[in-house]
There are 2 protein chains.
Amino acid sequence: MEEVDRAIVAGLTADGRMSYTDLAEKVGLSVSAVHQRVRRLEQRGVITGYTARVSYDALELPLTAFVAVRPFDPSQPDDAPERLAHLAEIESCYSVAGEDFYLLLVRVASPADLERVLQEIRTSANVTTRTTVVLSTPYEGRPPRISRDPD
Amino acid sequence: MEEVDRAIVAGLTADGRMSYTDLAEKVGLSVSAVHQRVRRLEQRGVITGYTARVSYDALELPLTAFVAVRPFDPSQPDDAPERLAHLAEIESCYSVAGEDFYLLLVRVASPADLERVLQEIRTSANVTTRTTVVLSTPYEGRPPRISRDPD
DNA sequence: ATTGAAAGCTTTTTCTT
DNA sequence: AAGAAAAAGCTTTCAAT
């Protein structure tokens, strides 16, 4: 990926609503050239979308937990991610190496809600769970280092 | 939080670059009313920013890992998050309940890079690490359910 | 691949209810 | 809080290089 594209991606991860005008100034190209490059980055799947970042506390989802999941019966076909996808409380699902099969990131309003979601996870996917409660989040979702240069 | 504000947040988490014109239509208010509400949501810290979502594979960071961290010497003051903040490979840092103190989400280019980052984590923060490699990501960063209504 | 220019929208501000 | 309107600014497309 070219340097200009990296600069564009860096700009849009730092401010997803930055205008093409500002981006163009930042990367030193004309507005229309930047516009075309952004379209290409989107089409190539380098940029996959745009979102607002939110405060989960403000949205009344103050309790975050990691839920490690493994099949109750490891001989059964493993389709846990699809079986769990309907649970809106699961923000992310990672397939992992190690003793657990999946690691889920869950956001809920209360311990009672967490209990309910854990039950739903177990019954939906025939799995056992091991839950790690998040106490605080020093930082989260920092943008990646986009240039390839040395540290 | 009011229903209109929830609809606005839902719109902007689904598409962070949605125009105020489209948002206004979606929530059934005038453009300037929506604009004012978005500004308020930003000022109140409900919306904390906007970002582009990216493909980590395309950005040449195809290896994701969770790194559980605990102090080498638990009697020392614990300021691991600040000591680790300079490592750009750490996307997120969660303080967790349980035997580990922190859970880090790390993105790197290669196993060799992961090895280097783990060494940097251990020496920067005087901690031991236990690493879980992510094999694939069925889904990640799904928007939260924003309305408070029953399932 | 990049540019500049034109048309059409969007954002932002101000004023009014 | 919400709306309307106007000015400024931005996006998008197109023809040219």
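Below, chain A is the first sequence line, B the second, and so on; all start at residue 1. What you see below is based on every heavy atom in this structure, not just the backbone, and it leaves out hydrogens, waters and symmetry mates.
Counting only residues at least two apart or in different chains, salt bridge (Lys or Arg N to Asp or Glu O under 4.0 Å) contacts with residues 128-137 of chain A comprise A:Asp100-A:Arg130.
Atom CD of B:Gln119 sits in a crowded spot, with more than 12 heavy atoms from other residues, nucleotides or ligands closer than 6.0 Å.
Here the C1' atom of nucleotide C:dT11 and the CE atom of A:Met18 are 17 Å apart, to the nearest Å. One can place CG of A:Leu23 at 9 Å from P of D:dT11, the figure rounded to the nearest angstrom. B:Gln36 has its CD atom 17 Å from the P atom of C:dT17, to the nearest Å. Computed from coordinates, the A:Asp22 CG to C:dT12 C1' distance equals 15 Å when rounded to whole Å. Rounding to whole angstrom units, CD of residue B:Glu42 and C1' of C:dT11 are separated by 13 Å.
Comparing A:Ser30 and A:Arg17 along DNA chain C, the residue whose closest nucleotide (by nearest heavy atom) sits nearer the 5' end is A:Ser30.
The hydrophobic cluster analysis finds B:Leu135 isolated: no Ile, Leu, Val, Met, Phe, Trp or Tyr side chain comes under 4.5 Å of it, directly or through other members.
In this structure a side-chain-to-backbone donor-acceptor pair under 3.5 Å is missing from B:Arg53 to A:Thr48.
A salt bridge does not link B:Glu42 to A:Arg17: none of the charged side-chain nitrogens sits closer than 4.0 Å to a carboxylate oxygen.
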Look for any protein N or O under 3.5 Å of an N or O in nucleotides 12-14 of chain D and output each such pair with its distance, or none.
unit_1, atom_1, unit_2, atom_2, d
D:dT12, OP2, A:His35, NE2, 2.9

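Within the nucleic acid shown, B:Ser19 comes within 4.0 Å of sugar-phosphate atoms alone, with no base atom in reach, counting heavy atoms only.
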